[in-house]
Amino acid sequence: MDDVVTARLAELYDASGVLVAVYDGFDRLRYANPAFRQAYFLEPEETPSWAEIMRRNFGLGRGTVLRTADFEAWLKSTLSRRGKTGFRAFETDLHDGRWLWMTETVQASGWMLCIASDISHIRADERAVRQDRDLAIKASFTDDLTGIANRRFLTARIEQILADHRAGADHAGCLAVIDLDNFKLVNDRFGHQTGDLILQDFAQQIQGRLRRADCFGRMGGEEFALTLPDTTLDHARLILERMLSVVRLSRPLVGCPDFSYSFSAGVTISRADDSVSEFYRRADEALYRAKVSGRNQVQSFVDGQDLTAEAQ
């Protein structure tokens, strides 16, 4: 696109009543037209993150209507799915009475284009039915305890990594399988309610350190998974090592300030001929190596390396 077309496009967006915004791969606002800034109370040169926009407006009772009493829980749940698919469309309402049809288009790099049109003319009862449908869909993709993505949503993201790799060899991605260390002992010592608090803390620690394209969720029990699209094995391992360092420092139990916990993780990179089960098996095999090597670490699956035999 030449400079003239780019300039014209910017002029059209700026003059439009349609809300237009662009976020980078870390979910920071990089462009918003006047209509978008007016709706979300943003100054002309302001570039906050999406989370900052939502948190600020929720506290002031403006912008998007959020039907929740716990903003941070809502945010964690929403971030676990936001921008993980190439395209999404949904309806949302604003405190000023407008009803918007919002679309999100996401590049492989994580950059997102948001466009919202005013559909307030549609009957309120029809909007309510569709919003109930959207809430039901969200619930079907959410883990009840931690509020992050569940197995169903994660499996779709694993399938997407493999589809992207088949479409182009330069789009390989990684999958990590993660277990909290000695979690049964934690439950036995403190009880299952405390175990649930630790699972929730773990989800909070990891979710806040993801790139937009990454997807972190709970597979069940103390087992979690992380998808890392367009990521090399070395880079994926570095990301996980940084996450492990953060988790080691967490002190989630107010009544037991010395308590800490850790996790073990296995990570592998996709292959063009992979099935979901084979992709997951390799990550799980690397996880096994991390566990038998002492836990509290990250291990990678390397082609041609018998991890099971090496760990014995």
Are Tyr261 and Val186 connected in a single hydrophobic cluster, I mean Ile/Leu/Val/Met/Phe/Trp/Tyr linked by side-chain heavy atoms less than 4.5 Å apart?
yes

Any side-chain heavy-atom pair from Ser260 and Arg248 closer than 4.5 angstrom?
no

Are the side chains of Trp99 and Asp93 in contact, using a 4.5 Å heavy-atom criterion?
yes

Donor + acceptor pair across side chains of Asp179, Tyr288 (<3.5 Å):
no

Near-ring test Phe263/Phe224, centroid separation under 6.0 angstrom:
no

Do the charged groups of Glu72 and Arg55 touch, with an N to O distance under 4.0 Å?
yes

Arg166 CZ: over 12 foreign heavy atoms closer than 6.0 Å:
yes

Short question: side chain of Asn182, backbone of Leu185 - any donor-acceptor pair under 3.5 Å?
no

Main-chain N/O of Asp181 paired to Glu222 side chain as donor or acceptor, under 3.5 Å
no

Is NZ or CZ of Arg82 both nearer than 6.0 Å to the six-membered ring centre of Tyr23 and within 45° of the ring axis?
yes

Between Arg282 and Glu285 (salt bridge meaning N to carboxylate O under 4.0 Å), is one present in this structure?
no

Judged by atom type as modelled, is there a donor-acceptor pair below 3.5 Å linking the side chain of Arg289 to the main-chain atoms of Val292?
no

Ignoring hydrogens and angles, tell me if any N or O in the side chain of Ser80 forms a donor-acceptor pair with the backbone of Ser77 under 3.5 Å.
yes

Between Asn33 and Tyr13 (side chain of the first, backbone of the second, donor and acceptor by atom type, cut-off under 3.5 Å), is there such a pair?
yes

Look at Asp70 together with Lys76 and state whether they make a salt bridge at an N to O cut-off of under 4.0 Å.
no

Between CG on residue Asp143 and CG on residue Leu199, distance to nearest 0.5 Å
8.5 Å

Establish, yes or no, whether the cationic atom of Arg81 lies under 6.0 Å from the six-membered ring centre of Phe141 and within 45° of the ring axis.
no

Could you check whether any side-chain N or O of Glu52 sits under 3.5 Å from a backbone N or O of Ser49, counting only pairs where one atom can act as donor and the other as acceptor?
yes

In this structure, which one of Arg30, Arg56, Arg28 forms a salt bridge (charged side-chain N to carboxylate O under 4.0 Å, His left out) with Glu46?
Arg56

Under 3.5 Å, is there a donor-acceptor pair between the side chain of Arg212 and the main chain of Gly25?
no

Could you give me the CA-CA distance, side-chain angles and deciding distance for Phe216 and Phe202, then say whether ring-ring contact (aromatic ring centres under 6.0 Å, His included) is met?
CA-CA 11 Å; Phe216 173 67; Phe202 179 60; 5.7 Å; yes

Just checking Phe41: does its CZ atom have more than 12 heavy atoms from other residues, nucleotides or ligands closer to it than 6.0 angstrom?
yes

Side-chain contact test, heavy atoms from C-beta onward, threshold under 4.5 Å: evaluate it for Pro229 versus Asp214 and give yes or no.
yes

Would you say Ser250's side chain and Val246's backbone share a donor-acceptor pair under 3.5 angstrom?
no

Verify the cluster assignment for Trp111 and Leu9: are they in a single hydrophobic cluster under the rule of side-chain heavy atoms below 4.5 Å apart?
yes

Polar side chain donor-acceptor pair, Asp118 to Ser120, under 3.5 angstrom:
yes

Main chain of Gly220, side chain of Arg151: is a donor-acceptor contact present, judged purely on distance under 3.5 Å?
no

Does Asp274 reach the side chain of His165, with side-chain heavy atoms less than 4.5 Å apart?
no

State which residue, out of Val267, Val177, Thr268, fulfils the side chain to side chain contact (heavy atoms under 4.5 Å, CB included) condition with Leu287.
Val177

Go through it in stages, so that I can follow the logic: the residues are Gln160 and Asp164, the test is side-chain hydrogen bond (donor to acceptor under 3.5 Å, both in side chains), and I'd like the CA-CA distance, side-chain angles, deciding distance and then a yes or no.
CA-CA 6 Å; Gln160 188 61 57; Asp164 290 344; 2.9 Å; yes

